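Beneath this line is the structure, given in structure tokens, with notes to follow.
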Amino acid sequence: MTDFWSAVLEFAETTTARVGAQLLADFGKVQASQKDDGSLVTQADCWSDEEIRKAIASTFPTHGMLTEETSHVFNGEEWCWIVDPLDGTTNFARGIPLWGISLGLLYHGTPIFGYVYLPPLGQSFHGFWYEPATAANLPETPLPGAFLNHQPIHSSLDEPSKNHFFSLCARSIAVLKQPFPAKIRMLGVATYNLLSVATGAMLGGVEATPKIWDIAAIWAIAQAAGAVWVPLETNPIFPLEPGKNYGSRSFPTLVVSKPELVATFLPLVHFIGKREQGIGNRE
């Protein structure tokens, strides 16, 4: 790995470990309040957001930032971090040990590196993924790959059965009104829902209203692991548009473990992309 990408990975590891240690100390002890969009926020979300922003500004002063609790406008920077300082706020506030910190690094508006740390589980995911045309323009090119605690991961090559899993978000349960070719699980954390496809635990996952900070890191990790990303609306997700505010924009998404399963699961969830946008995404 080149010096630049080694520095990026080390920064993500050390920053999320430091912030995660304090979040663990606050876990289940803070009160949540409701934001204007109906989602929850705690003092821990805001503290984590500020700490990560300060760390990025200190280590990568020329990089841009979009974070859930503060900056929502992409200014067109060559390099830009997208941060979810605490994904799974409801779980965190209610004492359920499934929540994490998510960092995605974009090059010209498209994620090529993702890092997600889940402190209660002691699990760190990271991945590098990019299109061949992007690789030709990168100043330094990392090897594509996806990892859990530095061990390679890959999405499942299995066929669906009633002994395999598919992950739903809370706003996609209408799929249960029809026969479904796998068992359903609901984890309450957008990043972990889709990461479970990358690890092979799930054959697929759907998120009805994820925001850009929910998916930026997973975009790189899931596809590096062999999974297939299927936007559930016509407009492309990436690259981001300079000057656009992404604070209220949702990106309904299906992720499946291999290309052959797009035809299996897409007809069951296609309606999700037609739902009204702008609903709060925190579970």
Side-chain angles (χ1 to χ4, degrees), residues 8-9 11-30 32 39-53 55-56 65-69 81-105 111 113-127 146-151 153 167-170 185-199 201-202 205 207 209-222 224-225 227 251 253 255 280-283:
V8 165
L9 179 55
F11 168 80
E13 289 178 327
T14 56
T15 301
T16 58
R18 176 176 60 83
V19 172
Q22 181 59 53
L23 293 179
L24 274 174
D26 295 335
F27 173 43
K29 302 175 183 176
V30 297
S39 63
L40 296 182
V41 65
T42 71
Q43 290 183 345
D45 293 79
C46 298
W47 175 85
S48 176
D49 191 278
E50 182 179 4
E51 287 297 308
I52 295 171
R53 284 190 293 108
I56 292 171
M65 285 179 268
L66 272 71
T67 74
E68 180 169 12
E69 307 305 339
W81 292 85
I82 296 188
V83 179
D84 191 337
L86 207 174
D87 186 28
T89 297
T90 304
N91 284 356
F92 178 84
R94 303 291 186 249
I96 298 174
L98 187 55
W99 45 269
I101 306 165
S102 177
L103 307 178
L105 180 58
F113 168 77
Y115 192 93
V116 180
Y117 176 44
L118 294 105
L121 303 184
Q123 294 184 346
S124 298
F125 296 83
H126 77 274
F147 306 87
L148 167 56
N149 292 346
H150 290 273
Q151 298 301 309
I153 56 175
S167 177
L168 299 181
C169 69
R185 292 293 182 267
M186 189 178 298
L187 305 176
V189 184
T191 51
Y192 200 63
N193 274 356
L194 303 182
L195 283 171
S196 296
V197 183
T199 65
M202 306 278 184
E207 284 287 330
T209 59
K211 298 298 194 298
I212 200 68
W213 41 82
D214 294 308
I215 61 175
I218 312 305
W219 175 270
I221 299 170
F251 297 92
T253 290
V255 175
N281 67 291
R282 278 200 180 97
E283 304 284 352

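Small disclaimer: the values here were computed from a predicted structure and weren't measured.
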Would you confirm whether [X], through its side chain, and [Y], through its main-chain N or O, come within 3.5 Å as a donor-acceptor pair?
X: Asn91; Y: Gly88; value: no
X: Thr253; Y: Phe251; value: yes
X: Asp214; Y: Ala190; value: no

Going by heavy atoms in the side chains, are [X] and [Y] under 4.5 Å from each other?
X: Pro97; Y: Leu121; result: no
X: Val116; Y: Ile101; result: no
X: Trp99; Y: Leu118; result: no
X: Leu187; Y: Met202; result: yes
X: Leu9; Y: His150; result: yes

Separation between [atom1] of [X] and [atom2] of [Y], rounded to the nearest 0.5 Å:
X: Ile221; Y: Ser102; atom1: CD1; atom2: OG; value: 7.0 Å
X: Ile96; Y: Phe27; atom1: CD1; atom2: CZ; value: 8.0 Å
X: Glu50; Y: Asp45; atom1: CD; atom2: CG; value: 13.0 Å
X: Trp219; Y: Ile82; atom1: CH2; atom2: CD1; value: 11.5 Å

Which atom of [X] lies closest to which atom of [Y], heavy atoms considered:
X: Phe92; Y: Leu23; answer: CE1-O, 3.3 Å
X: Pro85; Y: Ser48; answer: O-OG, 2.9 Å
X: Asp49; Y: Glu68; answer: OD2-N, 3.7 Å
X: Ala216; Y: Pro111; answer: O-CB, 3.3 Å
X: Thr42; Y: Ala93; answer: CG2-CB, 4.4 Å
X: Ala170; Y: Met186; answer: CA-SD, 3.9 Å

With sequence neighbours excluded, what pairs up with [X] under the side chain to side chain contact (heavy atoms under 4.5 Å, CB included) test?
X: Phe147; value: His126, Pro152
X: Ala227; value: Ser155, Val197, Ala222, Val255
X: Leu148; value: Gln123, Phe125, Ile153

Worksheet entry | Those residues that, when tested against Phe113, pass ring pair (Phe, Tyr, Trp, His ring centres under 6.0 Å) (two or more places apart) |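 Here the qualifying residues are Phe128.
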
Who pairs with [X] by side-chain hydrogen bond (donor to acceptor under 3.5 Å, both in side chains), at least two apart in sequence or on another chain?
X: Arg185; result: none
X: Thr16; result: none
X: Thr15; result: none
X: Gln22; result: Asp26

Using a distance-only test with no angle check, is there a side-chain donor-acceptor pair under 3.5 angstrom linking [X] and [Y]?
X: Ser167; Y: Asn193; result: yes
X: Tyr115; Y: Ser124; result: yes
X: Asp87; Y: Thr191; result: yes

Worksheet item: When you look at Leu66 and Val83, which way does the side-chain contact (heavy atoms from CB on, under 4.5 Å) test go after all the steps?
Response: CA-CA 6 Å; Leu66 272 71; Val83 179; over 6 Å; no

Practice prompt. Report the residues that fulfil salt bridge (charged side-chain N to carboxylate O under 4.0 Å, His left out) with Glu51, sequence neighbours left out, ordered by chain and then residue number.
Written response: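 Result, salt bridge (charged side-chain N to carboxylate O under 4.0 Å, His left out) vs Glu51: Arg18, Lys54.
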
